[in-house]
Every structure is written in structure tokens, then in C-alpha cells.
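Each chain gets a letter, A, B and so on, in the order its sequence line appears, and its residues count up from 1.
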Amino acid sequence: MYRTHTCGELRIENAGATVTLAGWVQRIRNLGGMTFIDLRDRYGITQLVFDENTTDELKQSIGQLGREFVLQVGGVVRERSSKNAKMPTGDIELAVQNLNILNSSVTPPFTIEEDTDGGDELRMKYRYLDLRRSVVRDNLILRAKIAHATRSFLNAHDFIETETPVMIKSTPEGARDFVVPSRMNPGEFYALPQSPQLFKQLLMVAGFDRYYQIVKCFRDEDLRADRQPEFTQIDCEMSFVEQEDVLNLFEEYMRHMFLEIKGIDIKELPRLTWNDAMATYGSDKPDIRFGMKFHDLTAIFGSDKVKFGHELFKVFVEAEYIGGICATGCAGYSRKQLDELTEFVKKPQVGAKGLVYIKYNEDGSFKSSVDKFYGPEQLKVVADDFAANPGDLILILSGDRMKTLTALCSLRLEMGSRLGLRDKDVFKPLWVIDFPLLEWNEEANRFTAMHHPFTSPKPEDIALLDTDPGKVRANAYDLVINGVEIGGGSVRIFNRELQSKMFKILGFTPEQAESQFGFLLNAFKYGAPPHAGLAFGFDRLTAMIAGLDSIRDTIAFPKNNSGRDVMNDSPAPISQEQLDELCLKLDLKEK
RNA sequence: GGUGAUGUAGUUCAAUUGGUUAGAAUGCCGGCCUGUCACGCCGGAGGUUGCGAGUUCAAGUCUCGUCGUCACCGCCA
């Protein structure tokens, strides 16, 4: 037996006990006559002490120790003469009687402490050392807890956890596929699933009624702080349910989760239609931790009241959309601060051409960047639309409607951050519903599915499919928390005729639909039940609950920005023999 | 594919207008130290300034190229 206790569990009650511990050397403090060693394992840190009672032989061996050596130590637990209130084991220490060096260690390239001196790149290269740090390990423990809470909730609601294949057929819709060559079928390839979508629908045809899986998915697209090429979904599907049933059940799941993991009651989730979300927040994933809602000022600036007696402001006259937000108490913003905001909205990623501000000063006067065109009476009309008070600052963008909404969304989030309104400890989830079914793809010159081709249109909008497809709303929904898309799903099409019509609108010939999705369409001939489902991004959910901006620290061995694993240096070339077996020939001239 | 930032000691960073021998902290090594817990004190070692060109009397600093890293846009049903 290597140990009787862990390094995190001994307390004052254990004083006098003879114990054996095992762990890593965190730090050695040699005071000359006595030496302290912090011994660390997953559970905590216990102080070892070597003093006047230590044998010469033992003193000899502690001289050889260094950081990250693996030790087994036996001795007696005793109360410290000077306690450390900052650590759980701070009342006791272990007076070491025997020491067994289980393994040595070279000096690690960075310090293995909560506040490490290691940069991201180094930490990833030595990820197994980084994972020894409690802050990183705690994120993975949290991840395990969320998985456990998810399984217990879904199991309790009769969901069957079912594995689906990882080597499947490539479908060109959606993201780029990762592909795997088949040796036994030369020239043919498997694809890794972007999601188990078709399989979970087939499980509904199979009568499983309720399915879930915590499952790896793969998308060969560029990475971001919140996007990895392989990521994990909590994937669910249910039969004989309507949208309302799905929203209610998974709202309960979310509440269960936050209560179990964070001890927070997130209350009833608000629901916002996609149209309202876009008009109010300029985003289909609004951060509703704070207000600062958009006001559409197009009509106001087009009205006689505001036009009267002044030269026309051409930018507004020509704008398809004029929208603004009101930043409470910001009228005192300096020229420099306003210039910063203007620079911010003009960045290419934000894309606005300029920024109009109206300061509603404390004394009730107005100062704006468009004073030349609008007098105080006109600006008051705008301020009144916001129900603004003296001391507030109104920020206005204008131009093409969708572009301006998106830019105003960035500005709102920026102001929210500047004003400290985006508290990581506050969680404001909501449902965004009634997404458009289709969106026009300029490049392909056709409609593509906004969600996926199996999403059902709202029954009352089906007639529009033939006349105005872009207006059709879907039975699709997203779960959004604090401005992050955490999950999404839809009610599926289970009727063959409707599914065929969808494929036709999406530009598939019957032959293409047959070759790509034939097995699903075929299955639908044999009595497919009405069904619906959704999936949550497990990495993002964990990052959200942990308060992290990047999902990397919720993943044990993540990829870097270029999709590489810098620890094992993959991807990597394969041998000519391997290529030959797969009948593959490389042509890297262009690269 | 694009935009921006960045690359200097094992590590995290500094280095003024292009100007002497590239510094600090931490880590590491040696010495001293009996209540430390970021122990303290003294001493020491440690550098291809990512790589390659160019400008210049002189380049860590300026220019070009290249490679890496990070963030974002495109992309991500």
C-alpha cells in the first residue's frame, strides 16, 4: 500500500496518528536546522517537517530532493506550533520518520502553482505538468461534475444513452468534414461526424423514444478561443414531442444543472423571437445581463419634428436604418473616450463608418457630434425616445440595416464591458426561438438551411415556402447564456413529402438527396414518429460555468490556434508505406 | 484567405531618438540559517535578441521576407 491518506485530508483530529502519504514535492524550505516540504497530490498539500529528531541518513536524502520528485513518506501527524489558516491542512504537519524517493524529476520548465509563470504555448507543450496545477485540474473536475449531473438528469427522464459511429459518410452540407481513408475500399473515405444528427433521428424511427449521448464531434474549420476542431456535445432527441415539450424539459435541465453545480437558481428562462433579438440586441445570441436595448430611430430622424429648421444630415437621410443605445451616466465621457469608441466601431471587424453621440448633460443641455444639423429641441425628441435622463450618453450608428445592427451589437457589448455590466458570476440564460428556416447564400446563389436540412418549418409558414422562402420561420431554438450560444435544436421533419420539398428548395436534385440522405428518407417510409431534439456545446457550457473565456482550459489536451497538438506535434506526415496501403498520392506543389 | 498584436536568459518581462559590456524578477547552482509556508540573507552561472536578407560608421530597435504563437474577420448547417 503506497499511502494511508491523501495530501488533502489530514486535520487536527488526526494528530498523533501514524500515516503514510505519497505525492509530489511542491516546494522545499530549508531553514538550516530544519526543513519543510510541501507534498502535493490531487487532493491538496500537506506540510512535511524534518527537524532535530531527523536521522542523519534522512537529512542526507532530503538534500537530493528537488521540485516534482515523487515521494512516499511515513511519520506521525502533529499539531503545528505556527499554524497556516490559508490551507485546509494548515493546522497539522507530518513529522517524517521514513522517506522513500519513488521517482526523481528534472526541473520543470515552468512553476507548477496557481499563478504559474508559464505562457500558454509552454503550458500546452507540457500539458501533463500544467494539469498538475489545481486551477486547471479544477476545471476538468467541474467538467466531470457537469457530465455526471447531465447523465443523472437525463437518465432520470428515461433517456437511453446510445453510442453512434465515429466513421460515417461525408455530407457536403454544413461544415467541412474531416475524412479518413479506407484501406479496404481504395479511393473511398469515411467522414468524422459534425454531429450524430442522422443517427439520432434513426434511433427515433427505431422507437428509442428518448436518446442522449455525450459525444465528440468534428468540424474542419478555423479555430477560435471558443472553437476546437474536435469538441463535445450533449446530444439529445425525443419522440412524440412538440417544441414546447423540449423547451420545458431542457429548461428544467438547465435549472437542475445550475442548482447542482453552482447553487444558483436561474429562474424561468425568458424567450425571445429571433426577430426581436435582432431588433433589440442586434444578435441571435444576446447578452441580457444588462439592458442598453436598441432603439430604432429611423422613423424619428425621418419625421418633420426632427427635420424642422435645419440643414439635412445626409448620412441619416440616406440610411436604411438608424439605431442607438443609451449609456446611463456616461454624458461625462471625454473627447478621448468618445474618439476611442469611434475608433472601435470603425475597426474592420465591427465595420461601422462612424459614430454619432448625443450627450445629455447634467444641466439639461445637449452636446452632440451633429449639433450642426439638429438643435436641442430635436435632440430632446431623441432623448425622450430613450427615456434618457440628464447625465446619459446616446450613441447612434446608421447605414445598411443588418450591418448596422451587428455593429451596434459590438458597441453595446463594448459599453457593457466598460461599465462593468458583464459580471462572470451572473448567469442570464434565455431561449431564442422562431429562427428563419433558410438564409440566402450569395456564394452558392441558393438558399441554405440556417440550422440543418431536417428542421421543420412552422406549420403556418409552410405556404410561404413556394412564394417567399426567406420569410419562413422554423421550429428551431437556441439556448443562449451571457451572449454565448450554448445549445440549439429543432423540431424535425418526419414527413417524406415535406422533406423532399426541403431538399428541392435547398437545391438538391432528387438523385443527390437520394445518394446523400437516402438511408434516412428510406427509414422515413417505415413509420417515423414526430420527433425533436437539441444539442449543447459541452465545452462551452463548462467554460461558461467556470467563468472562462476560452474552452481550451476545459479540455485536457486541446489543439492550438492552427489545429495542432503542440505536445505530440500532430498532425504529422505518414510513411510512404502507409500512403501506398491507402492508395494515396500526395501533391503538395501548391502548398 | 484576410486584419492586428507578438517573438529578448529555463520562465515572465524591460531596454529612451538606431549608440558603451542587452537588464530586472523568478527559477537554477553553491554557502549561511530551528517555525517556514511566495522563508530570509550572501554569492554564482545562465543570451545565436525566432530565422534569413537589407539599410547604416553602428541594428534587440528601421525595411523586406520567412516561421511560430495569440485575438478577431471570413468560415463554423
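- Rounded to an integer number of Å, the gap from CD of A:Gln197 to P of B:rC76 is 17 Å.
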Sugar-phosphate atoms are those with a prime plus P, OP1 and OP2; base atoms are the rest. Using that split, label each nucleotide of nucleotides 33-39 of chain B B, S or - for protein heavy atoms under 4.0 Å, 5' to 3'.
-> BBBBBSB

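- Backbone-only engagement by A:Ser562 is indicated by non-hydrogen atom pairs under 4.0 Å involving sugar-phosphate atoms exclusively.
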Please produce a list of atom pairs where a protein N or O lies less than 3.5 Å from an N or O of nucleotides 7-11 of chain B.
{"from": "B:rU11", "atom 1": "O2'", "to": "A:Asp117", "atom 2": "O", "distance (Å)": "2.6"}
{"from": "B:rU11", "atom 1": "O2'", "to": "A:Asp117", "atom 2": "OD1", "distance (Å)": "3.4"}

RNA chain B base-pair string [pairs: Watson-Crick or G-U under 3.5 Å; |: paired with another strand] | (((((((..((((.....[...)))).(((((.......))))).....(((((..]....))))))))))))....

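- Contact of the A:Phe519 side chain with the A:Leu202 side chain is registered, since non-hydrogen atoms from C-beta on lie closer than 4.5 Å.
- Salt bridge annotation for A:Asp434-A:Lys458: present, with a cationic side-chain nitrogen under 4.0 angstrom from a carboxylate oxygen.
- The NZ-P distance, from A:Lys125 to B:rG68, rounds to 15 Å in whole Å.
- If you find the closest nucleotide of RNA chain B to A:Arg67 and to A:Arg219, the one lying nearer the 5' end belongs to A:Arg67.
- As a whole-Å value, the separation of A:Asn560 CG from B:rC67 P is 16 Å.
- Closest approach to the A:Asn561 side chain among B:rC70, B:rC72, B:rC75 is made by B:rC70 (side chain taken as heavy atoms from C-beta onward).
- Nucleotides of RNA chain B nearest to A:Gln349 and A:Arg540 differ in position, and the one nearer the 5' end is that of A:Gln349.
- As a whole-Å value, the separation of A:Asp120 CG from B:rA71 P is 8 Å.
- Taking the six-membered ring where the residue is Trp, A:Trp274 and A:Phe435 present tilted rings, their angle falling between 30° and 60°.
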Tell me, with the steps shown, if A:Ile37 and A:Phe50 meet side-chain contact (heavy atoms from CB on, under 4.5 Å).
-> CA-CA 8 Å; A:Ile37 293 178; A:Phe50 301 83; 3.6 Å; yes

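- Rounded to whole angstrom, the span from the CZ atom of A:Arg224 across to the P atom of B:rA71 amounts to 9 Å.
- In this structure, the salt bridge (charged side-chain N to carboxylate O under 4.0 Å, His left out) partners of A:Asp339, at least two apart in sequence or on a different chain, are A:Arg335.
- The side chain to side chain donor-acceptor pair (under 3.5 Å) search around A:Arg67 returns none, not counting sequence neighbours.
- Taking 4.0 Å as the cut-off between side-chain N and carboxylate O, A:Asp553 and A:Arg123 count as a salt-bridged pair.
- In terms of modelled atom types and a separation under 3.5 Å, the side chain of A:Ser562 and the main chain of A:Arg564 share no donor-acceptor contact.
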Given A:Met204 and A:Arg492, is the side-chain contact (heavy atoms from CB on, under 4.5 Å) satisfied, shown in steps?
-> CA-CA 11 Å; A:Met204 295 302 102; A:Arg492 324 298 185 190; over 6 Å; no

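- In this structure, CZ of A:Arg227 is placed 12 Å from P of B:rA71, rounded to the nearest angstrom.
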Derivation of the side-chain contact (heavy atoms from CB on, under 4.5 Å) call for A:Thr164 and A:Lys200 | CA-CA 8 Å; A:Thr164 52; A:Lys200 67 174 172 177; 5.9 Å; no

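- In this structure, the CD atom of A:Glu121 is 11 Å from the P atom of B:rG68, given to the nearest Å.
- In this entry the distance linking CZ of A:Arg564 with P of B:rC70 reads 12 Å, nearest Å.
- Residue A:Arg123 places none of its side-chain N or O atoms closer than 4.0 Å to OP1 or OP2 of B:rC70.
- Between A:Phe536 and A:Phe250, the ring planes are tilted. Angles from 30° to 60° get that label.
- Looking at residues two or more places apart in sequence or on another chain, you find no salt bridge (charged side-chain N to carboxylate O under 4.0 Å, His left out) involving A:Asp284.
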